[in-house]
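Values reported hereafter were calculated over all heavy atoms of this structure, with side chains retained and with hydrogens, waters and symmetry mates removed. In what follows, chains carry the letters A, B, and so on, assigned in the order in which the sequence lines appear, proteins first and then strands, with residues in each chain numbered from 1.
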Amino acid sequence: MNCKVQIDKLNIHFGQTHAVKDVSMDIAANSVTAIIGPSGCGKSTVLRSINRMHDMTPSARVSGRIILDGSDIYDRSLDPVSIRRRVGMVFQKPNPFPAMSIYDNVIAGYKLNGLLVKKEADQIVESSLQRVALWDEVKDRLHRSAMDLSGGQQQRLCIARTIAVRPEVILMDEPASALDPLSTLKIEELVEELKEKYTIIIVTHNMQQAARVSDVTAFFYLGEMVEMGPTKKMFTTPEKKQTEDYITGRFG
Amino acid sequence: MKLKSLALRKSFNLGATLLMATATILVLLPLGIIFSHILKMGLQSVNLAFFTNIPQPTGVPGGGMANGLAGSAIMILMALLLGLPVGIFGAIYLTEYGKGRLATVIRFSADILAGIPSIITGMVVYTLLVVPMHGFSALAGAFALALIMIPIVLRTTEEQLKLVPVSLREASLALGVPMWRTSLKVTLRSAMTGIVTGVLLAIARVAGETAPLLFTALGNQFWSRKLTEPMAALPLQIFNFAISPYEDWHQLAWAGALVLVVLMFTLSLAARWLGRSRHS
């Protein structure tokens, strides 16, 4: 297995709260890994540590190692900004930039960094929107506000914005939980396609979704990783009783 | 529990309604009195000469407050140049970076600064700038106005920045945009209309300030040629003309008061309109 992200004895504290306990997991390149578990189990917290989003929270303390392609992203010599360019993130609630047009939202990663060459912009916008299957729906109104789009379209726009900067890993924090079933389906199909080029880690509340989209599933409970394995096996013959109880809907 | 009789309840309701109506009228009354009085006294003297001429000696017709208007505009502009960066960057620091002791100290200082009577600000600037520079000057006046502006701009900007959802900052950070660029290009820009509203209100506030200018800009009967000279300002001229013994100067003071009040009304209305158009 070609290991893209290796999490090694990760512990995360918020003040006195020990939110993530000794989590270790290996994530293969070009695969979809789903993290499931009940609310408050630490799954989003783990996800957000993979692109150092906790740096913004003064009370958060992260220890352990997260190795991306052989180097520890928490190494002092590494800038979180350079990590985030390689590890993109899609959030639970679609969050396009409200003051920007659809077009500008797609290239926001370049624009906000002052990096854009005008010539390339059109091409980046078109290919990114094609990729998330949004191009045909918006190509006639690229310069209208992104807020005119439906929730599902906004979320696909956010994914387009994320892949426009060509990350290697995409983190998705319950990307479909605020969407209707049809939009959810579209996002799931998209995840399936994106894994050809990217390594995807997706946190989800929805077990069916994990079963549908992921290759590997990790089950978290109370800040610990209970079990991780091939999705098919996790949903048919899990090793731990807790996993089975959760998956069969006995709690959570 | 025993229910009160319907009649009693109705009369109580009527009494409360009347009380509230009276309170409302009492709030509106002073504004109405001030505005209508100024309008009555000042309107006849507001003419073209008021906006184009400088004050004339008493008895000479056609005097105006052109130098005061220009002086006020110049000093407010300079005060903005000094005060806006400090206020806005201070607010960015408070909301985006400062989480510890220093932030609390800054916030507290700003509140204290906002509460300092403006005449004291004028006196302090007098000793800080006027005395060392050996003279009253527009610079000193602008500096005093800036000191009054800073806490207003700082706190309103801070409030507006706090309203920007965390999810927007995260969206930007997750794209590999550094924190400082996120603060300027996403957070600050999203809050821009609210900040402009705050700045307009700050301008309206300092435009009418007289006390801090008494010891700093001093006022000038003529055009000022340099920023290091005493400079006229609208509220100063109103003050000087109003305390003079001459009837024609009183007239001019009323005209100045009217212009000042209309200016402040306009600024407040513009601020409200901006604030509202953002929410709809």
Side-chain angles (χ1 to χ4, degrees), chain A residues 44 47-48 50-60 79-100 104-115 146-147 154-155 157-173 178, chain B residues 88-89 91-107 157-199 273-280:
Chain A
S44 289
L47 193 76
R48 292 165 63 87
I50 305 173
N51 68 345
R52 290 187 60 168
M53 284 307 254
H54 294 307
D55 287 23
M56 296 303 126
T57 317
S59 67
D79 182 16
V81 170
S82 69
I83 300 298
R84 295 191 195 116
R85 289 201 186 145
R86 294 170 63 194
V87 184
M89 186 157 193
V90 177
F91 297 85
Q92 181 171 6
K93 241 183 100 204
N95 55 356
F97 297 110
M100 291 188 192
D104 285 344
N105 259 285
V106 179
I107 48 168
Y110 297 89
K111 269 198 108 144
L112 293 174
N113 271 313
L115 289 174
M147 302 318 276
Q154 286 185 13
Q155 192 62 305
L157 178 64
C158 291
I159 298 175
R161 172 176 80 185
T162 304
I163 61 177
V165 291
R166 300 194 191 95
E168 299 157 35
V169 178
I170 301 177
L171 309 174
M172 294 186 168
D173 191 357
Chain B
I88 289 178
F89 284 106
I92 293 179
Y93 173 78
L94 285 183
T95 49
E96 312 297 309
Y97 298 89
K99 307 285 180 207
R101 194 74 172 271
L102 183 61
T104 319
V105 171
I106 293 176
R107 220 170 268 132
T157 306
E158 191 194 354
E159 290 310 312
Q160 294 302 323
L161 290 177
K162 275 201 227 153
L163 290 178
V164 178
V166 178
S167 67
L168 276 190
R169 295 179 177 90
E170 287 188 337
S172 173
L173 292 171
L175 286 170
V177 180
M179 187 63 191
W180 66 273
R181 272 186 182 274
T182 300
S183 299
L184 290 180
K185 296 206 159 188
V186 177
T187 319
L188 190 62
R189 188 163 296 178
S190 306
M192 204 41 109
T193 24
I195 295 171
V196 172
T197 307
V199 170
W273 176 79
L274 254 178
R276 190 167 318 163
S277 64
R278 187 174 51 124
H279 293 302
S280 58

Select one option (side chain, backbone, both, neither) describing which atoms of A:P80 are under 4.5 Å from chain B's heavy atoms. neither
Between B:E170 and chain A, which part of the residue has a heavy atom less than 4.5 Å away: side chain, backbone, both or neither? both
Counting only heavy atoms not in A:K93 (residues, nucleotides, ligands), do more than 12 fall under 6.0 Å from its NZ? no
Atom CZ of B:F89: over 12 foreign heavy atoms under 6.0 Å: no
Select, from A:K111, A:R52, A:R48, the one with the greatest count of heavy-atom pairs under 4.5 Å involving chain B. A:R48
Flag, side chain of A:R161 to backbone of A:N105, donor-acceptor distance under 3.5 Å: no
Any A:I159 side-chain heavy atom under 4.5 Å of A:M172 side chain: yes
Output yes when a side-chain donor or acceptor of A:N95 lies under 3.5 Å from a complementary backbone atom of B:S167, and no otherwise. yes
With side chains defined as the heavy atoms from C-beta onward, is the minimum distance between B:L161 and B:L94 less than 4.5 Å? no
Look at A:V81, A:L112, A:L115 and state which one has the largest set of heavy-atom pairs under 4.5 Å with chain B. A:L112
A:V90 versus chain B, the contacting section by heavy-atom distance below 4.5 Å: neither
Would you mind checking which part of A:F91 comes under 4.5 Å of any heavy atom in chain B, side chain (CB onward), backbone (N, CA, C, O), both or neither? side chain
Specify which of A:M53, A:Q92, A:M89 makes the most heavy-atom pairs with chain B at under 4.5 Å. A:M53
Specify which of A:G88, A:G114, A:P167 makes the most heavy-atom pairs with chain B at under 4.5 Å. A:G114
